[in-house]
Amino acid sequence: MSPETAAQETSLEAPSGQTWLPKAGAWFWLATAFLATIFALGILAFILRWQTGWGDRRLWGYYAATFSFLFSTALTAPVVSVGLRIVGGSWRRPVCRVAELFSLVGILSFLWFLPLIRLIPPARGRLSIWYGLAGAPHVWETVAMATLVAAGLALLYWASIPDMARSRGGGGKLTFLGRLAFSWTGSGRQWRVLKAGLLLLGVFYLLMLVFVQSLFASDFVVSLVPGSKDALFPAYHVMTALQTATALVTLTLFLLRKWGGLQDYIGPATFKGLGRLLLVVTLLWFYFWWSGFIVMWYGRRPEEELLLELFVTGPNRPFFALSLGLNFVVPFLLLLFNPIRKSILGPSIVSVLVLLGTLFDRIRLFTASFSMTESGNAITRLPPARVPDWIDLFILLGGLSGLALTFLASIRLLPVLSWWEITEGLKLQAERTLGRKKVIMVAKPE
Amino acid sequence: MFKDQVLGLCRNPETAAQAVEALENKGFSAEEYDILTATPYPEGTFGESRHRHRLYVFPFVGAVLGLSVAVLITVGTQIFPPIVTGGKPILSIPPMIIIMFEGTMLGAILFTVIGVIFESRLFGPKLGLYDRRITEGYIGLLVTSSPERVTQAEEAMTGAGVQEFKRLPAGAGGR
């Protein structure tokens with residue numbers, strides 16, 4: 001079957017003009033108002049915490065945990081799009097834009113990061129990956145973070161240009177988005193450059209993300225805890241972020257399908273694919289955690305036992321147990337069953353669990369590392385678990401609200417689905433009857 | 001030299017493919033016409049030749065520049081201060097690798113963005129001859145050539161079934 005025939009037999013059409021935006025009913029504005037209030041309270045809580053000064057790092061543990069959660073969700077989400085675009089496959093088409101829109105949350109994350117970098121001591125005179133290099137880690141980590149955020153924004157802009165140009169349709173006044181498309185006409189050359197550019201920017205984003213996540217994990221956890229030499233920890237941080245980002249994208253797609261009026265475009269095949277991906281990253285979560293854990297557990301040197309106590313068996317045990325259960329045990333047991341994994345609701349529920357699990361995991365890691373007051377080559381005494389006060393809680397809730405609020409704003413600004421990719425896919429597929437079963441036939445021109 | 005432009009609007013890929021064939025039969029080269037669409041079609045759908053670009057050169061140039069700057073900064077900041085190292089090496093290689101990677105990536109990303117803008121001619125002076133119905137699924141066939149050749153193109157496209165045209169005379173702001 002030729003692509004043209006498939007196109008003729010396709011019944012769905014991508015909308016044109018401004019009709020791509022999800023419906024913004026009363027619930028949308030109510031949710032926006034609620035999130036904006038919580039976010040404003042979060043900013044107030046941050047200002048109050050600021051008044052206490054920067055001297056006591058313990059007070060900023062929840063702030064750091066919130067940033068790490070933002071980093072692991074919003075800043076990592078574009079990688080889901082990048083990965084799926086590289087691999088190909090038709091089910092990824094509704095996923096790409098949703099994942100890339102989280103790049104806009106990168107601006108919030110970067111602003112959140114700036115006060116945090118102040119809390120890290122200079123690299124000189126202490127053990128770190130920087131060997132006391134000038135400007136480290138502050139200058140280099142900030143430049144790396146800024147590069148990552150800028151790359152995400154470039155990726156989002158470039159992937160959205162054809163849809164921005166689409167807003168010129170209808171023959172009416174040129175919209176703001178239409179103007180942002182500049183001289184895009186959709187010529188053969190432009191499409192080729194678009195696809196090559198998306199590939200390049202995507203790969204660079206992926207490389208930068210792994211790099212910045214590793215730097216962040218090294219500087220904000222490993223180097224703050226005396227005696228911590230866990231070389232696998234940065235990889236664990238990256239891997240758990242990939243799991244969380246997949247969960248965030250899955251949950252967002254579910255919400256858009258359920259309440260955004262996009263059920264015709266976000267189909268069961270997308271959730272089936274994401275369910276598989278979630279199972280894979282869930283298994284990898286355990287592998288990376290176990291690989292780091294077994295070294296210290298088997299080694300059993302006094303400083304290693306104290307490290308295990310700090311992060312796993314000691315005062316942070318409830319957070320660890322919740323994380324292990326919500327990031328691995330329950331998702332694994334649920335996703336193991338085909339009816340759950342292949343459904344729409346199953347992966348979405350698992351995504352909620354994973355997001356909660358990662359939040360507890362980040363609280364465990366960052367409140368522990370930020371509680372360390374001693375320096376040297378080994379821990380000599382364990383700090384108590386940091387119980388959150390109301391300022392911590394509002395900082396945490398403010399960060400989460402900021403994430404959701406920025407995303408809600410982004411879907412009012414840009415098309416929430418990549419219509420040019422969806423339309424491209426629709427041209428290449430058709431429903432056919434094979435015996436007594438209806439099947440989707442997909443043409444592969446490459 | 002100013003050139004005329006004509007934009008033929010096709011309702012489906014078949015008509016567009018026939019129009020491209022008609023243009024090539026009349027001796028129009030690939031540089032003289034372009035196909036404008038709202039969504040990408042597989043290459044060769046309209047019988048057109050492959051478009052070439054040099055985007056892949058940009059990240060390489062950026063990466064080399066970024067790496068060079070990173071090496072200069074890291075080596076310079078370590079050599080310049082008169083530090084007594086007690087026989088140890090002056091340059092600390094492991095953190096240099098971190099910054100060299102960072103510089104390489106920064107350069108590559110920056111130059112990719114520049115390359116994407118340049119190679120797609122995104123910031124051209126004007127949109128040129130265009131019809132907004134292209135964003136709604138029509139396929140545009142844009143021919144840019146001398147006035148006589150453009151008239152020939154219009155005739156060829158009409159023969160292939162294209163019914164609607166827009167024309168931009170030379171010097172009227174076309175690309």
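By convention in this document, chain letters (A, B, ...) are assigned in the order of the sequence lines, proteins followed by strands, and residues within each chain are numbered from 1.
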If I measure from the heavy atoms of chain A, does B/F101 come under 4.5 Å with its side chain, its backbone, both, or neither? side chain
Under 4.5 Å from any heavy atom of chain A, what part of B/R52 do you find: side chain, backbone, both or neither? backbone
Under 4.0 Å between a side-chain nitrogen and a carboxylate oxygen: does that hold for B/E43 and A/R192? yes
Is any side-chain heavy atom of [X] closer than 4.5 Å to a side-chain heavy atom of [Y]?
X	Y	result
A/R189	B/R121	yes
B/L129	A/T185	no
B/Y56	A/L200	yes

Count the heavy-atom pairs under 4.5 Å between each of A/W158, A/Y205, A/W420 and chain B, then report the option with the highest count. A/W158
Do you know which of A/W184, A/Y157, A/Y131 has the most heavy-atom pairs with chain B at a distance under 4.5 angstrom? A/Y131
A/L215 vs B/E102, test: side chain to side chain contact (heavy atoms under 4.5 Å, CB included). Steps then yes/no. CA-CA 11 Å; A/L215 284 188; B/E102 194 170 318; 4.3 Å; yes
Keeping A/Q190 on the side-chain end and B/S120 on the backbone end, is there a donor-acceptor pair under 3.5 Å?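 Flag set: sc A/Q190 to bb B/S120 pair under 3.5 Å.
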Between the main-chain N or O of B/T39 and the side-chain N or O of A/E424, is there a donor-acceptor pair closer than 3.5 Å?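 Not confirmed, A/E424 side chain does not pair with B/T39 backbone.
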Does atom [atom1] of [X] have more than 12 heavy-atom neighbours, drawn from other residues, nucleotides or ligands, at distances under 6.0 Å?
X	atom1	answer
A/I117	CD1	yes
B/I90	CD1	no
B/E164	CD	yes

Where on [X] is there a heavy atom nearer than 4.5 Å to chain B: the side chain, the backbone, both, or neither?
X	result
A/L207	both
A/A181	backbone
A/L148	neither
A/V212	neither
A/A154	side chain
A/L194	neither

Max heavy-atom pair count under 4.5 Å with chain A, selected residue of B/I109, B/I99, B/L106: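 It is B/I99.
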Ring geometry between B/F123 and A/F182 (parallel below 30°, tilted from 30 to 60°, perpendicular above 60°):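 Aromatic pair A/F182/B/F123 classed perpendicular.
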When rounded to the nearest 0.5 angstrom, what is the spacing between [atom1] in [X] and [atom2] in [Y]?
X	Y	atom1	atom2	answer
A/S214	B/I98	OG	CD1	9.5 Å
B/T112	A/L198	OG1	CG	11.5 Å
B/I35	A/W191	CD1	CH2	13.5 Å
B/I73	A/W140	CD1	CH2	4.5 Å
A/M164	B/T135	CE	OG1	15.0 Å

Between B/Y41 and A/L428, does a side chain to side chain contact (heavy atoms under 4.5 Å, CB included) hold up when you go through it step by step? CA-CA 9 Å; B/Y41 282 82; A/L428 299 174; over 6 Å; no
What's the verdict on side chain to side chain contact (heavy atoms under 4.5 Å, CB included) for A/L201 and B/V113, showing C-alpha distance, side-chain angles and the deciding distance? CA-CA 8 Å; A/L201 285 172; B/V113 172; 4.1 Å; yes
Which heavy atom of A/G197 sits nearest a heavy atom of B/L55, and at what distance? N-CD2, 3.5 Å
Provide the closest heavy-atom pair for B/D34 versus A/S187 in the form atom of the first, atom of the second, distance.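 Result for this residue pair: OD2-CB, 3.4 Å.
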Let me see the working for A/I161 and B/L122 under side chain to side chain contact (heavy atoms under 4.5 Å, CB included), right down to the final yes or no. CA-CA 10 Å; A/I161 279 194; B/L122 192 65; 3.4 Å; yes
